[in-house]
Amino acid sequence: MNVNDGWAAASARIIGADADLQKLPISLLEAGEFNEARSALLLPVGTDEDASLQRLMEDVRTFFERHRPALAAVPRSCTVELFLGWSPRAPQEALTMDAGLIRALADAGASVVFDTYSD
């Protein structure tokens, strides 16, 4: 990917000790995969690599709303994160998080990590 072309990617991460991660709801375990150290469950959010940033944010909202009950059952010893990486389309690109997405993130107890790239 060329950062000048603009791109966006997102994933949800649940971070914790292996024993705590094993207590996650089966729907989350089946939807994601563990990192090599088994310290995080990585869950894909958007599936279209060419999606616009706005489309990706719609996918993020859908993901967190669809998994709301399972995410609410994540042990408190674990950390839930939304990881957003993107390179704005030249010269800039705004990121919008609507109230529904913010509510779904709050219900999941999720932190948001913004990882931006530019030239």
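- When all heavy atoms are compared, the tightest approach of His67 to Ala31 is CE1-CB, 4.5 Å.
- If you take CG on Leu105 and OG on Ser111, they are separated by 9.5 Å, rounding to the nearest 0.5 Å.
- Note on residues 25-44: pairs passing salt bridge (charged side-chain N to carboxylate O under 4.0 Å, His left out), not counting sequence neighbours, are Asp18-Arg38.
- Between Asp20 and Pro75, the shortest heavy-atom distance links the atoms O-CG, 3.8 Å.
- Distance OG1/Thr96 to CG/Leu53: 8.0 Å, rounded to 0.5 Å.
- In this structure, Phe83 belongs to a hydrophobic cluster whose other members, linked by side-chain heavy atoms under 4.5 Å apart, are Val113.
- Counting heavy atoms from C-beta outward, Met97 and Val112 have side chains that approach closer than 4.5 Å.
- If you take CG on Leu71 and CD on Glu65, they are separated by 11.5 Å, rounding to the nearest 0.5 Å.
- Note that CG of Leu82 is 9.5 Å distant from CZ of Arg13, once rounded to the nearest 0.5 Å.
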Starting from the C-alpha separation in whole Å, work towards a yes-or-no answer on side chain to side chain contact (heavy atoms under 4.5 Å, CB included) for Trp86 and Leu56. CA-CA 10 Å; Trp86 89 92; Leu56 181 63; over 6 Å; no

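- Using a cutoff of 4.0 Å between basic side-chain nitrogens and carboxylate oxygens, Asp59 and Arg55 are scored as salt-bridged.
- Contact annotation: the side chain of Leu28 approaches that of Val74 to within less than 4.5 Å [non-hydrogen atoms, C-beta and beyond].
- Screening Ile14, Ile15, Asn35 for a side chain to side chain contact (heavy atoms under 4.5 Å, CB included) with Leu42, the sole residue that qualifies is Asn35.
- By the ring-ring contact (aromatic ring centres under 6.0 Å, His included) test, Phe64 pairs with no residue at all, sequence neighbours left out.
- Going from atom CG of Leu43 over to atom CG of Leu41 covers 4.5 Å, rounded to the nearest 0.5 Å.
- From Leu101, atom CG reaches atom CD of Glu58 across 10.5 Å, with rounding to the nearest 0.5 Å.
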